[in-house]
Number of protein chains: 2
Amino acid sequence: MRRQQLLAYECWPTLVGMTEKPPAPPRRSDATRTAILTAARERFGADGYDRATIRAIAKDAGIDPSMVMRYFGNKDGLFAAAVEVDLRFPDLAPVPREEVGRALVGHFLDLWEGNEQLRAVLRVGVTNQAGAERMQGIFREQLLPVARQVCPDPEQVPARAALCAAQLLGLALTRYVLQVPAAQALTREELVVWMGPTVQRYLTAPHP
Amino acid sequence: MRRQQLLAYECWPTLVGMTEKPPAPPRRSDATRTAILTAARERFGADGYDRATIRAIAKDAGIDPSMVMRYFGNKDGLFAAAVEVDLRFPDLAPVPREEVGRALVGHFLDLWEGNEQLRAVLRVGVTNQAGAERMQGIFREQLLPVARQVCPDPEQVPARAALCAAQLLGLALTRYVLQVPAAQALTREELVVWMGPTVQRYLTAPHP
DNA sequence: TCCGTTGGTCAACACTTGTTGGCAACACTA
DNA sequence: TAGTGTTGCCAACAAGTGTTGACCAACGGA
């Protein structure tokens with residue numbers, strides 16, 4: 001129950017090191033830390049939050065389970081540290097207006113291909129309330145701005161972004177999580193050609 | 001480990017009673033059985049497979065956990081008995097060709113609204129390997145036939161069905177599972193008007 | 001050289017999980 | 001009325017969970 005100051009300090013640089021400035025001085029245990037994070041990403045992505053046990057992750061990383069606790073505080077902290085989602089949507093300004101749909105679908109596919117972190121957030125988002133809120137955050141902070149850049153009417157931005165999210169997450173769900181064979185059989189080009197116009201329409205077409 | 005013949009027989013009628021013929025003679029415990037199944041559907045739908053514990057389900061049903069085991073063998077058996085998915089896609093023959101997209105989206109929305117079983121399969125399908133296979137079965141046996149009824153080229157049926165599945169499951173995911181506010185804010189009519197043409201195109205438009 | 005800090009293991013705690021067997025109360029039939 | 005199968009509760013088991021603290025080895029600056 002008791003929060004340990006020392007541990008909180010210890011895992012701090014790793015938690016935000018990738019997105020914030022502080023140089024995060026190198027430590028002798030960095031190899032172990034990254035080993036844990038790598039194993040955690042794999043397990044969370046493959047098994048979801050509940051079935052991914054700390055013991056299994058520690059075993060994959062070749063260390064004792066107690067190390068995970070020392071470095072990341074608890075299981076929640078480990079998940080937060082392991083899974084950091086940046087959809088890296090590109091700036092759409094230079095893209096021709098009628099190409100943004102295809103560009104987004106293509107980017108989304110490239111991003112998901114073989115990415116365990118994304119699978120993990122989706123799995124956990126479906127299972128876990130905190131995970132669902134995290135996904136809502138991603139939607140709000142990463143997809144909404146893109147939609148705002150392209151949509152004609154600012155008032156329609158959330159609705160149009162939600163439609164895009166449904167299409168794109170549905171793709172990720174069927175292809176990468178449920179692994180429906182027919183969804184996996186489609187090539188990247190086919191998906192871009194089919195879904196690109198859909199996303200394009202959701203973003204730019206006049207309200208039907 | 002040992003399978004108990006008696007118990008297998010006991011839960012048989014309930015397991016398949018809804019889809020098969022045998023009259024399934026009424027038992028004194030039927031009230032308890034349905035109470036368990038109701039509670040199980042709620043818990044599985046709300047919490048997913050792992051977090052929905054037999055103890056919690058039994059408590060909701062107001063009986064002892066051991067009763068769940070007696071009537072349904074084990075947790076897997078309970079899930080199989082509680083969650084039975086019939087998407088009930090209507091016969092599209094009488095529907096005008098250019099209306100099938102809107103009809104499907106509307107039907108899909110009506111079906112999902114307030115349906116805990118569907119939420120449960122999706123949650124479990126994402127978490128669990130067996131659940132994922134179950135969802136693939138639903139795709140194969142319930143969505144593919146519909147697509148076959150409408151698609152021009154039989155060879156393209158799986159691909160087109162997969163595209164529809166991605167769009168529809170993405171809708172279910174964002175609106176009913178992740179509960180993204182922007183996806184919940186859209187009305188039934190808006191969704192039909194926006195997504196209907198998409199599904200329509202995936203099913204009937206010539207390969208782009 | 002000493003000594004505090006860091007990296008790591010081990011064994012255990014407290015708890016929850018699915019699951020089982022025993023036993024009492026009831027209902028129905030012969 | 002005796003007997004038999006059904007319905008239910010209770011207590012417990014074995015396994016697995018996140019988590020903790022004691023303990024040891026090596027490092028690194030004084």
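In this structure, the side chains of Val146(A) and Leu203(A) stay at 4.5 Å or more apart for every pair of heavy atoms. Counting heavy atoms from C-beta on, the side chains of Leu122(A) and Val124(A) never come closer than 4.5 Å.
Distance Arg70(B) CZ to dC9(D) C1': 10 Å, rounded to the nearest Å. dG18(C) atom P lies 11 Å from atom CG of Asp76(B), rounded to whole Å. Atom-to-atom, CZ of Phe72(B) to C1' of dT7(D) comes out at 14 Å; the value is rounded to the nearest Å. Between Ile57(A) atom CD1 and dG16(D) atom C1' the separation is 15 Å, expressed in whole Å. Here the P atom of nucleotide dT20(D) and the OH atom of Tyr71(A) are 16 Å apart, to the nearest Å. To the nearest angstrom, P of dT20(C) lies 15 Å from CE of Met67(B). At whole-Å resolution of the value, CE in Met69(B) and P in dG22(C) are 16 Å apart. Spacing between atom CD1 of Ile54(A) and atom C1' of dG18(D) amounts to 6 Å, rounded to whole angstrom units.
Residue order along DNA chain C, read from the 5' end via each residue's closest nucleotide, puts Gly62(A) first among Asp50(B) and Gly62(A). Each of Arg28(B) and Arg28(A) lies near DNA chain C, and the nucleotide nearest Arg28(A) is the one positioned closer to the 5' end. Nearer to the 5' terminus of DNA chain D, by closest-nucleotide assignment, is the contact made by Arg51(A) (compared with the other of Asp64(A) and Arg51(A)).
For Arg33(B) and Tyr71(B), the positive end sits near the middle of the six-membered ring, less than 6.0 Å away and at most 45° from its axis.
Checking dT9(C), dT19(C), dT19(D) against the side-chain heavy atoms of Ile63(A) singles out dT9(C) as nearest. Closest approach to the Thr32(A) side chain among dT6(D), dG8(C), dT19(C) is made by dG8(C) (side chain taken as heavy atoms from C-beta onward). Comparing dT7(D), dT20(C), dG7(C) by their nearest atom to the side chain of Arg27(A) picks out dG7(C). Comparing dT19(C), dT9(C), dC10(D) by their closest approach to the side chain of Lys75(B) singles out dT19(C). Candidate nucleotides dC9(D), dG21(D), dG8(C) were compared by shortest atom distance to the side chain of Ser29(A), and dG8(C) ranks first.
For the pair Lys75(B) (side chain) and Tyr49(B) (backbone), a donor-acceptor distance under 3.5 Å is present. Put simply, the side chain of Gln179(B) never gets that close to the backbone of Gln184(B): no donor and acceptor are under 3.5 Å apart. Looking at Arg41(A), its side chain does come within 3.5 Å of a backbone N or O of Ala82(A) through a donor-acceptor pair.
A sub-4.0 Å separation between OP1 or OP2 of dT9(C) and a side-chain N or O of Ser66(A) is absent.
Between Arg201(B) and Thr198(A), the side chains place a donor N or O and an acceptor N or O closer than 3.5 Å (distance only, hydrogens not considered).
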Anything under 3.5 Å between a protein N or O and an N or O of nucleotides 12-15 of chain D, put it in a table, one pair a line.
{"from": "dA12(D)", "atom 1": "N6", "to": "Arg55(B)", "atom 2": "NH2", "distance (Å)": "3.4"}

